Amino acid sequence: MLQVAFIRENRDDVIKRLAKRNLDASQMIDEVITLDEERRQLQTQLDNTLAESNSLSKEIGNLFKSGKAAEANELKEKTTLLKERSKTLGEQLNTTADSLNNLLYKIPNVPHESVPNGNSDEDNEEIYTEGDIPKLHDGALPHWELAKKYDIIDFELGTKITGAGFPVYKGKGARLQRALIAYFLDKNTAAGYTEYQLPHLVNEASGFGTGQLPDKEGQMYHVGEDNLYLIPTAEVPGTNLFRDELLSQNDLPIGITGYTPCFRREAGSYGAHVRGLNRLHQFDKVEIIRVEHPDNSYKAFEGMIEHVKMILRELKLPYRILRLCGGDVTFASALTYDFEVFSTAQDRWLEISSVSNFETFQANRLKLRFKNQDGKTQLCHTLNGSSLALPRVLAGILENYQTEDGIKIPEVLIPYTGFDKI
RNA sequence: GGAGAAAUGGCAGAGUGGUCGAAUGCGGCAGUCUUGAAAACUGUUGAGGGUCACACCUCCGGGGGUUCGAAUCCCUCUUUCUCCGCCA
């Protein structure tokens, strides 16, 4: 959520920058400013009322002590009126503050200046490509056919025991999955990220902290009896680790990584685009999360991009990087780069990583702050990225590494799989 | 699941109705000393709102209540610890 003071001081700029998201926020922004003024006014009135009754109370105490009970009782009557007034003002203040907050929840982050204009994923800007697209033999198959042919992933079995979008990995498929998780975690920890094992269910406060609530409630699985949510990404427990924290400058930067399954209710549309591993209700992902000094966050962002590039280079997968346009960048993010791997047999790019800088947007909700050099409290910047999401990497490997007599395993993974061919 | 105890600043930990936003220690910051560092010493140091700046207001796990006045008393919820039960 944006900071009110920032909105107040940069009204025109905020509206202009939000327009990049094809959002005319002028009305909302003005309402924020009005509500905020109202809130401050009420706060002042309440403060003054309370100040008055505080000083009366002191006086009464003193009078009682010096034995002037009659005078004290006289003053007591006065406080009744003040009490009523402060109660009314308090209620008004709460109402106003609630409306202000509800409105703030609806305003997305202001995009970074480098974010290109555009409406949809078609307007994203390709900024980098690497790797050769392999020439496959005749009769090369998409990964869901390969999965069946080599009996490594069983989609029907998943449907039987749970439902569509919950695949069952078998034999070498399961082992390859585990190999990828271990390999990614090793790469991330070697780069300085601390490994965490995080809960797969989170409470409501965590959902609010990273912005899944209140708006995207329907996208998470909800365990009603205990009012918990299945995580859609490790970003949620991982970032909420730092909720309500006041760090010292020396604690920064913080980098953590963790493997979790991810659960998403709205897994997507229909047809070939959601076949196989392309879109799932449950999938595995290794995530990297950073908490940074604001001055350093874009440098850290570049570092994360380089890190993911290095992994894809090692896996020898052809990929490209997109800078998401204003219409496609997610609600909380100021700048997002997507990584896509080329899935040769499907002849299309598949998103495998999304790296974002949220600047202070999440930190403001989380109350994640640090003491800067001058001893002042300041909001941190938060960032995260997939490093990496498993299913589509797996799809890319299966499709790009297929040969007429089996699927080869990328060299760097062989120590993890213990076999070099499926 | 049952019984008991507890929740206070970045951390540890005092504080049982007004003089408490809160002792003390640690940590942080600044300084003295030192070639430099450490140690020692001195000073400083909670968060949020509000203000040009002050004033002022709020916050002692969350919510409610008693009282002129609550960290302190009462109710309730949550969490933690100890003991018992169950258990991978």
Side-chain angles (χ1 to χ4, degrees), chain A residues 1-10 32-101 103-104 197 199-209 213 223-229 237 240-254 291 293 360 362-380:
Chain A
M1 135 173 113
L2 294 173
Q3 296 169 87
V4 185
F6 179 79
I7 293 177
R8 204 164 60 204
E9 284 155 30
N10 303 279
V32 165
I33 294 172
T34 312
L35 280 169
D36 179 51
E37 264 165 30
E38 220 171 281
R39 197 208 93 234
R40 273 147 64 211
Q41 235 167 54
L42 285 166
Q43 183 79 62
T44 308
Q45 288 176 38
L46 177 62
D47 286 357
N48 291 339
T49 312
L50 289 172
E52 212 175 315
S53 65
N54 283 347
S55 75
L56 272 181
S57 289
K58 264 182 202 158
E59 228 176 297
I60 290 168
N62 288 334
L63 286 172
F64 270 126
K65 258 180 223 164
S66 49
K68 298 174 184 162
E71 283 176 52
N73 285 324
E74 217 170 288
L75 284 182
K76 267 197 200 177
E77 280 170 37
K78 269 188 168 177
T79 59
T80 323
L81 196 74
L82 288 174
K83 253 189 173 175
E84 273 168 32
R85 200 196 301 169
S86 58
K87 200 183 163 200
T88 319
L89 283 169
E91 279 162 8
Q92 288 175 344
L93 180 65
N94 281 341
T95 313
T96 311
D98 282 350
S99 332
L100 177 60
N101 270 329
L103 190 56
L104 284 170
Q197 279 204 22
H200 301 165
L201 283 89
V202 293
N203 59 26
E204 221 171 4
S206 295
F208 272 95
L213 296 175
V223 184
E225 206 172 342
D226 298 296
N227 196 24
L228 297 172
Y229 294 87
N240 273 284
L241 252 23
F242 305 100
R243 171 153 48 87
D244 291 318
E245 290 291 328
L246 177 54
L247 305 168
S248 100
Q249 186 163 283
N250 300 332
D251 295 331
L252 303 176
I254 294 170
V291 180
H293 190 290
T360 60
Q362 287 184 327
N364 190 32
R365 273 202 199 186
L366 291 163
K367 290 209 190 68
L368 167 52
R369 301 148 302 161
F370 72 101
K371 281 229 188 264
N372 68 19
Q373 217 139 23
D374 308 324
K376 295 251 190 283
T377 359
Q378 206 180 332
L379 291 171
C380 300

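Everything quoted here is computed from the prediction, not taken from an experiment. Letters go in sequence order (proteins before strands), and every chain restarts at 1.
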May I ask which nucleotide in the shown strands pairs with [N], Watson-Crick or G-U wobble, both distances under 3.5 Å?
N	result
B:A40	B:U32
B:A70	none
B:C54	none
B:G21	none
B:A6	B:U79

Closest-nucleotide 5' rank along RNA chain B - winner of A:T44 and A:S248: A:S248
Using the [atom1] atom on both, measure [N] against [M] and round to a whole Å.
N	M	atom1	result
B:U16	B:C54	P	34 Å
B:A71	B:C59	C1'	11 Å
B:C77	B:A6	C1'	16 Å
B:U51	B:A12	C1'	36 Å
B:C56	B:G63	P	25 Å
B:A47	B:G61	C1'	16 Å
B:G48	B:G13	C1'	24 Å
B:A23	B:G15	C1'	8 Å

Any donor-acceptor pair under 3.5 Å linking the side chain of [X] with the backbone of [Y]?
X	Y	answer
A:N10	A:F6	yes
A:N94	A:E91	no
A:N203	A:L228	no
A:R39	A:L93	no

Sugar-phosphate, base or nothing in reach of A:T49, heavy atoms under 4.0 Å: nothing
Sugar-phosphate only, base, or nothing, as touched by A:K371 at under 4.0 Å among non-hydrogen atoms: sugar-phosphate
Check the distance between [N]'s [atom2] and [X]'s [atom1] and give it to me in whole angstrom.
X	N	atom1	atom2	value
A:E59	B:U19	CD	C1'	16 Å
A:E37	B:G50	CD	P	12 Å
A:L366	B:A47	CG	P	19 Å
A:L100	B:G50	CG	C1'	15 Å
A:R369	B:G48	CZ	C1'	8 Å
A:E245	B:G9	CD	P	12 Å
A:D36	B:G50	CG	C1'	11 Å
A:R8	B:G49	CZ	C1'	11 Å

Does any part of the side chain of [Y], heavy atoms only, come nearer than 4.5 Å to the side chain of [X], both counted from C-beta?
X	Y	result
A:Q92	A:L46	no
A:N364	A:L2	no
A:L247	A:K371	no
A:V202	A:N240	no

N/O (side chain, A:R39) to phosphate O (OP1/OP2, B:G50) under 4.0 Å: yes
More than 12 heavy atoms from other groups under 6.0 Å of CD on A:Q197: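 Not more than 12 within 6.0 Å, no.
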B/S/- contact track for nucleotides 55-76 of chain B, protein heavy atom under 4.0 Å: -SSS---------BS-------
